[in-house]
Structure formats: structure tokens, C-alpha cells
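Read through the structure below, which is laid out as C-alpha cells, and then see the notes.
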There are 2 protein chains.
Amino acid sequence: MNQTGRIIQALERAGYQATPNRRLVAQLVAATGGHFTAADLLERGRLERVNIGRATVFRALDLLTDLRVVERLDLPSGSHAYVVCDPDEHHHHLVCSSCGHSEDVADGELARLVDEIGRRHGYQIEAHRLELFGLCPACATAATAAAGGATAATGEETVH
Amino acid sequence: MNQTGRIIQALERAGYQATPNRRLVAQLVAATGGHFTAADLLERGRLERVNIGRATVFRALDLLTDLRVVERLDLPSGSHAYVVCDPDEHHHHLVCSSCGHSEDVADGELARLVDEIGRRHGYQIEAHRLELFGLCPACATAATAAAGGATAATGEETVH
DNA sequence: GTTCACTTGATACTCAGTCTCAGGTGTGGG
DNA sequence: CCCACACCTGAGACTGAGTATCAAGTGAAC
Ligand SMILES: [Zn+2]
Ligand SMILES: [Zn+2]
Ligand SMILES: [Zn+2]
Ligand SMILES: [Zn+2]
């Protein structure tokens with residue numbers, strides 16, 4: 001099943017109607033490469049000439065967030081964005097600071113580390129969030145190529 | 001040196017004037033137990049009958065953030081808050097979800113873990129953020145006592 | 001004391017997100 | 001099939017955080 005389908009299924013399983021609007025949001029969400037905002041979805045909807053209210057998009061994203069089908073990130077800039085993710089397993093996100101692409105990262109040893117920190121400080125830890133930012137392989141390659149071109153090659157790809 | 005002094009010193013070392021307004025913000029920040037917002041500071045300033053503009057508080061907090069004397073958190077609720085912290089060493093924050101008290105947590109093994117994740121995914125990691133939420137020892141004790149009182153004791157502290 | 005860069009406050013503005021409420025829609029029971 | 005009712009939706013008002021602007025204030029340095 002494709003991602004759109006998985007999102008819709010999650011809605012139905014939780015007892016929500018899979019209305020045309022919500023299907024549309026699911027589709028828009030599934031079509032994003034990386035992180036996105038409510039405004040992004042609205043804009044893309046507008047481009048495709050579909051009519052959907054702002055409040056409806058926010059409501060759908062709230063639902064999907066509750067269902068853990070999307071998650072809200074806090075970017076280094078301080079602004080918020082959503083990413084689509086796997087609802088079935090606790091994990092964190094690795095986000096490309098250039099293209100916005102995001103991938104899930106297994107919690108792995110972090111759980112143990114978090115536990116230990118809680119014990120050491122006497123805190124009863126309820127939740128944690130880990131966010132990682134950096135260049136994805138594609139963007140890193142592109143950046144290296146650009147830098148190399150500017151300093152060692154003909155420079156034909158750099159502004160003069 | 002007290003915390004207010006340390007904050008002011010950080011400003012001066014970075015070449016900023018330690019104006020009365022900035023000293024006031026330093027004082028208000030240092031006086032907070034846990035996390036706070038710009039609005040909190042403004043409100044407390046107002047109560048103490050000092051006059052300071054909203055924009056000035058935001059500007060001062062931006063400065064202090066740049067100097068790493070305070071850090072912006074993203075609370076589980078999605079809203080932002082600031083915490084005062086140690087500018088000299090990379091670390092993360094452990095925040096009480098009941099009283100808002102916050103403490104610094106050494107990065108420790110996390111750096112290694114982050115490294116490994118980067119390598120595994122082929123990302124060139126530039127930044128990471130870890131935030132931990134839970135009950136501080138005091139609040140955990142209080143919560144336990146309250147629960148015990150409601151179920152096992154006279155119940156004189158619970159609403160009837 | 002004059003000067004000039006830095007700082008400030010008032011105010012207008014933007015933008016994300018929420019609220020409200022009247023109207024629409026889908027679903028399940030009869 | 002149709003009704004009733006819960007659910008869903010859109011428009012638009014509203015909130016609150018943060019930013020932008022700009023004229024006026026202030027402080028350090030010569
Ligand atoms: Zn990328
Ligand atoms: Zn985790
Ligand atoms: Zn506490
Ligand atoms: Zn770290």
C-alpha cells in the first residue's frame with residue numbers, strides 16, 4: 001500500500017471519517033519530499049485548483065499528529081514544520097538543512113541514555129525529543145562539488 | 001559571581017553595552033526558576049513598576065541567545081520558552097513538565113551516538129537538539145503523595 | 001561638550017494557529 | 001428510501017509571538 005493509503009487507513013482505524021478533504025490532505029502530505037507547513041499544503045492545494053479551508057488543513061494535521069502519522073519538528077530557525085513518519089515505532093528525525101528531506105532514525109541506544117540521565121538527576125522522565133540536522137548525501141555531494149569548482153577547477157559553475 | 005553578573009559580563013565581553021535595560025533583563029532572567037517567555041519577563045517587569053518596551057525585551061533575549069547564555073526550548077505543547085544556561089559547554093536540557101524547573105545535562109555519550117547515526121545515514125550532521133521532559137524530584141514526590149492520599153489515606157486533601 | 005554609533009519605545013505589521021458558528025455531509029436506524 | 005444526528009467544513013474574526021520601522025534618546029570616546 002502506498003503512503004497516502006496508509007495515512008487514510010490510520011484515520012479509519014482510529015474511527016475518523018475518511019472524507020474527501022482528509023484524503024486530499026493525506027495525498028498532499030504523502031507527496032512531500034521533506035518537511036512542510038500547513039501553509040505549504042494550502043498553497044499546493046490552491047495550485048491544483050482544489051478548494052479546502054485553512055482551518056480544515058490545520059484540523060487534519062492535528063489529527064494526523066495525534067495518530068503519529070506526522071510529527072511536528074522545531075527547525076533550528078525556530079519555526080515549526082511537519083514531517084510524515086512511521087506511527088508504529090518510537091523514533092527521531094534526521095533532517096537535511098539544505099533540501100529539507102527527512103528520514104526516521106531508530107531510537108536505539110538513546111532510550112538507555114535517557115534512562116540513565118533520568119536516574120542520575122532523579123527525574124521521572126516522561127518524554128524526550130531528539131532532532132538531528134545536517135546535509136543529506138545528495139546535498140553534501142553538491143556542496144563539495146561547488147566548493148571544489150570554486151577553488152580548484154575552472155569555476156565555470158560559480159558566479160563571477 | 002552571581003548569575004546576573006555572569007550574564008552582564010557575557011554581554012560586555014561580546015562588545016555590547018551593558019545598558020540599564022539589559023541589566024534589568026539579565027536580572028529578570030536570572031531570577032527565574034525554570035523556563036520563561038518574553039511575556040513572562042515583561043509581566044514581571046510591569047509588576048515591579050519598571051518600564052521597558054516589548055521590543056527591547058525580545059532584542060535582549062535574542063542577544064542572550066546568540067551569546068548562548070539562554071537557549072530556546074520547544075515545549076511538548078509546541079510553544080517556545082527560554083531557559084538560562086551555561087554558555088561554555090555544549091549540553092542539553094531536562095525540564096520539569098510540572099513546575100518548569102530546568103537543568104543542564106551534559107552531552108556525554110550522545111555525541112558518539114549522533115556521530116554514528118550520521119555515518120550510518122550518510123549525513124553530514126551539523127547540529128542536534130535533545131530535550132527531556134519529566135517530573136523533577138520535588139514534583140514527583142508531590143504527585144506520589146497526592147495519589148497516595150487520594151487512594152489510601154483519609155482523603156482530606158482531595159476534593160469530594 | 002560634541003559627535004556618532006548604539007540603543008530604545010511606540011506602533012504597525014506579519015504569520016501561525018485557534019475559535020466560533022452557521023451550514024453541509026455522511027452514516028446508521030427505521 | 002429517508003430521517004436524524006453526529007460529524008465535518010469554510011469563512012472569517014481573533015490571539016499571541018515575534019519582527020520591522022523610525023524617530024528620539026543615550027552613552028562612550030575623543
Ligand atoms: Zn538535502
Ligand atoms: Zn527516543
Ligand atoms: Zn518540578
Ligand atoms: Zn549534544
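Taken residue by residue, residues 11-28 of chain B places heavy atoms nearer than 4.0 Å to DNA chain D at B:Gln17.
Two different hydrophobic clusters hold A:Val84 and A:Leu94 under the rule that ILVMFWY side chains link at heavy-atom gaps under 4.5 Å. By the rule that hydrophobic residues join a cluster once side-chain heavy atoms approach within less than 4.5 Å of another member, B:Leu67 and B:Leu73 end up as members of separate clusters.
Between the CG atom of B:Leu61 and the C1' atom of C:dT7 there is a distance of 16 Å, given to the nearest Å. Atom pair A:Ile52:CD1 and D:dA11:C1' shows a separation of 14 Å (rounding to whole Å applied). Going from atom CZ of B:Phe36 over to atom P of D:dA17 covers 14 Å, rounded to whole Å. Between the CD atom of B:Glu43 and the C1' atom of D:dA17 there is a distance of 16 Å, given to the nearest Å. A straight line from CG of B:Leu63 to P of C:dT7 spans 8 Å, rounded to a whole angstrom. Between the CG atom of A:Asp74 and the P atom of D:dA17 there is a distance of 16 Å, rounded to whole Å.
When the side-chain nitrogen and oxygen atoms of B:Thr56 are compared with OP1 and OP2 of C:dT8, none of them lie within a distance under 4.0 Å.
Residues A:Cys99 and A:Cys136 come closest through the heavy atom pair SG-SG, 3.8 Å.
Annotation for B:Arg68: atom CZ does not count as buried by contact number, only 12 or fewer foreign heavy atoms lying within 6.0 Å.
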I'd like a table of donor-acceptor pairs (distance under 3.5 Å, sequence neighbours excluded) in which one partner is a side-chain atom from residues 100-108 of chain B, with atom names and distances.
from	atom 1	to	atom 2	distance (Å)
B:Glu103	OE1	A:His121	ND1	2.8
B:Glu103	OE2	A:Tyr123	OH	3.3
B:Asp104	OD1	B:His93	ND1	3.4
B:Asp104	OD2	B:Asp86	N	3.3
B:Asp104	OD2	B:His91	NE2	3.3
B:Asp107	OD1	B:His90	NE2	3.1
B:Asp107	OD1	B:His92	NE2	2.6
B:Asp107	OD1	B:His128	NE2	3.3
B:Asp107	OD2	B:Ala111	N	3.0

Under 3.5 Å, side-chain donor or acceptor atoms of residues 18-44 of chain A against the rest of the protein: list the pairs with distances, not counting sequence neighbours.
from	atom 1	to	atom 2	distance (Å)
A:Thr19	OG1	A:Arg22	N	3.3
A:Arg22	NH1	A:Gln17	O	3.0
A:Arg23	NE	A:Ala18	O	2.9
A:Thr32	OG1	A:Val29	O	2.7
A:Thr37	OG1	A:Ala39	N	3.4
A:Thr37	OG1	A:Asp40	N	3.1
A:Thr37	OG1	A:Asp40	OD1	3.4
A:Thr37	OG1	A:Asp40	OD2	3.3
A:Asp40	OD2	A:Thr37	N	2.9
A:Glu43	OE1	A:Arg46	NE	3.3
A:Glu43	OE1	A:Arg46	NH2	3.4
A:Glu43	OE2	A:Arg46	NH2	3.2
A:Arg44	NH1	A:Leu28	O	3.3
A:Arg44	NH2	A:Leu28	O	3.1

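Every residue meeting the ring-ring contact (aromatic ring centres under 6.0 Å, His included) condition with B:His80, not counting sequence neighbours, appears here in chain and number order: A:His80. The side-chain contact (heavy atoms from CB on, under 4.5 Å) search around A:Thr65 returns A:Val70, A:Tyr82, not counting sequence neighbours.
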Could you run down the sub-3.5 Å N/O contacts of the protein with nucleotides 18-25 of chain D?
from	atom 1	to	atom 2	distance (Å)
D:dG18	OP1	B:Arg72	NH2	3.0
D:dG18	N7	B:Arg54	NH1	3.4
D:dG18	N7	B:Arg54	NH2	2.7
D:dG18	O6	B:Arg54	NH2	2.7

